[in-house]
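Step one of this worksheet: look at the structure below.
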Number of protein chains: 2
Amino acid sequence: MSSLKDPGSPWRASRERMRDREVKRDAVIRAAARAFNRKGYHNTSLDDIAAALEVTKPTVYYYVSNKEQLLFECFVAGIEGIRAAFRETRSLALPARERLKAVLRHYGEAVASEFGWCMVRAEDQDLSPDMSAHIKAMKSEIDQGIRRLLREGIQDGSIHPCDPKMTAFALAGALNWIAHWYRESQSMTGTEIAEAFIAVFERGLMPRSQNSNEDPTCRKSKSSSSRPGARRSARSKAPSRR
Amino acid sequence: MSSLKDPGSPWRASRERMRDREVKRDAVIRAAARAFNRKGYHNTSLDDIAAALEVTKPTVYYYVSNKEQLLFECFVAGIEGIRAAFRETRSLALPARERLKAVLRHYGEAVASEFGWCMVRAEDQDLSPDMSAHIKAMKSEIDQGIRRLLREGIQDGSIHPCDPKMTAFALAGALNWIAHWYRESQSMTGTEIAEAFIAVFERGLMPRSQNSNEDPTCRKSKSSSSRPGARRSARSKAPSRR
DNA sequence: TAGAATGGCTACCGGCGAGTATGATCCACG
DNA sequence: CGTGGATCATACTCGCCGGTAGCCATTCTA
């Protein structure tokens with residue numbers, strides 16, 4: 001990025017400064033995320049954050065405009081990982097269930113990251129209306145993305161027919177909740193936890209031997225659910241088990 | 001204490017006052033729960049709670065000693081429903097999976113109740129160490145109860161072998177998360193949501209036709225998991241398939 | 001070396017909100 | 001009637017914390 005101008009340009013130093021500033025700003029945001037993670041948003045003062053960086057409060061205000069923005073940035077940093085997961089997997093030529101699993105793995109990783117707390121527990125009431133609207137939009141985007149994958153999976157036969165809305169709530173809830181109990185330096189990484197959860201979701205609690213006489217109690221079974229022909233042929237190849 | 005006296009005693013009126021006090025105290029706690037639910041703990045002042053009751057702050061302080069205790073009481077009120085669910089189902093003569101489902105239904109109901117927010121989102125950092133310890137103990141009790149049901153289900157064959165710890169986290173997480181998005185006067189009740197979630201958990205996302213080539217990726221397969229003979233005979237009778 | 005830009009600090013303000021001191025009011029009971 | 005406890009309001013204290021004003025140090029530019 002800095003290679004666009006020639007090295008000897010008089011703006012080089014200035015641009016390096018800019019980069020320096022970005023680095024420091026990121027450090028501020030990361031420190032805030034860690035503090036929020038440990039003590040909660042309201043129990044964290046800007047003095048705390050400044051102290052963690054071994055600077056003083058006005059220095060923090062030199063990089064961010066206010067505390068609310070700090071929370072917002074942490075949230076965006078956290079959710080960006082999930083959005084990236086969606087972008088990556090969108091192009092993959094896999095059955096929807098596999099793409100969903102890939103997204104959920106990234107999801108778990110993001111929630112277990114240092115920004116997980118902020119992403120998951122940022123409360124609307126702590127933010128100004130417009131920032132709250134931004135966050136709501138992003139959250140809705142994730143939710144709709146999961147629902148879409150579920151619908152696609154039902155269509156291509158890789159996912160058992162179910163109510164996409166409720167299922168998405170269940171999946172996202174289980175993963176979001178990781179932020180409540182997970183602490184860094186635990187035995188498992190976020191991806192591993194997501195993997196374990198996926199195993200549960202995928203297979204279900206019920207033993208295999210009981211499948212036979214099961215009536216699909218699925219709500220929203222509008223159409224095509226019980227039509228066996230709806231299962232697309234592309235899936236039946238089962239190309240990529242893990 | 002005064003209730004030990006006989007009903008006709010001159011203390012009767014006094015006891016009615018006591019009852020009155022209990023009723024009012026409950027009203028205070030419920031008002032607090034609603035306020036926390038709407039605006040969050042830190043964004044709710046005791047003046048807000050008092051205003052909702054159309055009294056003033058000192059009146060609130062007449063019934064509770066401080067704000068922290070208010071949160072604590074709300075938490076206890078919420079979690080009591082779940083503990084009751086465990087007590088009720090413990091005696092039922094059902095396979096463990098059915099008992100687990102019964103507990104989860106009550107769980108969902110409790111989380112969707114007006115105390116759900118407090119139960120789920122009460123942060124340790126907002127409470128004094130001893131109250132925090134109380135809450136942690138109760139939460140752990142619930143968690144251990146779910147794990148126990150899972151282990152029993154694996155033993156009696158009504159639940160597919162899995163890691164009880166991770167599975168309990170997934171189940172509880174999905175249900176806890178209800179408190180984040182559920183608002184009263186929604187189309188579904190808490191029990192219905194729990195029912196929908198249970199359907200997902202029980203059956204799993206994977207279509208039935210794919211069971212064949214599935215390798216049980218279950219961690220913690222210490223023993224008995226892959227041993228088909230481990231499935232107990234009591235189960236194979238399938239006595240209570242709904 | 002002047003001067004501007006950048007980065008940081010000390011010291012403060014103002015408001016919000018938890019919690020309290022004080023006393024008024026009501027009502028049961030002697 | 002009047003006494004004492006229960007209930008509640010007015011009006012305050014006080015500490016914390018978000019945010020700011022203004023000053024100093026350093027570094028880059030010309």
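Small disclaimer: the values here were computed from a predicted structure and weren't measured. Every chain is numbered from 1, with letters handed out A, B, ... down the list of sequences. Note that these values count all heavy atoms, side chains included, but never hydrogens, waters or copies made by symmetry.
- The main-chain N or O of B:Pro164 is never found under 3.5 Å from a side-chain atom of B:Thr167 such that the two would form a donor-acceptor pair.
- Residue A:Thr56 is in base contact, counting any heavy-atom pair closer than 4.0 Å across all strands shown.
- Closest contact between the side chain of A:Val55 and the listed nucleotides C:dC9, C:dG7, D:dA9 involves C:dC9.
- Taking 4.0 angstrom as the limit, A:Arg21 places a side-chain polar atom (N or O) nearer than this to OP1 or OP2 of C:dG7.
- Nearest nucleotide to the side chain of A:Ser45, out of D:dC17, C:dG19, C:dG7: D:dC17.
- Taking 4.0 angstrom as the limit, A:Thr59 places a side-chain polar atom (N or O) nearer than this to OP1 or OP2 of C:dC9.
- No donor-acceptor contact under 3.5 angstrom links the side chains of A:Ser45 and A:Asp47, judged on distance only.
- Contact check for B:Ile142 versus B:Arg83: side-chain heavy atoms found under the 4.5 Å cut-off.
- The minimum heavy-atom distance linking A:Leu71 with A:Cys118 is given by the pair CD1-CB, 4.3 Å.
- The side chain of A:Tyr62 contributes an N or O atom lying less than 4.0 Å from OP1 or OP2 of C:dG7.
- If you check every strand for non-hydrogen atoms under 4.0 Å, A:Ser65 touches nothing.
- A:Lys24 comes within contact range of the sugar-phosphate backbone alone, with a heavy-atom separation under 4.0 Å but no base atom that close.
- For A:Asn66, whose side chain is taken as the heavy atoms from C-beta onward, the closest listed nucleotide among D:dC8, C:dG7, D:dG19 is D:dG19.
- Regarding B:Arg25, its CZ atom lies at a distance of 16 Å from the P atom of D:dA6, rounded to whole Å.
- Listed nucleotides: C:dG8, C:dA18, D:dC17. Nearest to the side chain of B:Leu46: C:dA18.
- If B:Pro58 and A:Thr44 are placed on DNA chain D by their nearest nucleotide, the residue sitting closer to the 5' end is B:Pro58.
- No donor-acceptor contact under 3.5 Å links the side chain of B:Lys57 to the base of C:dG17.
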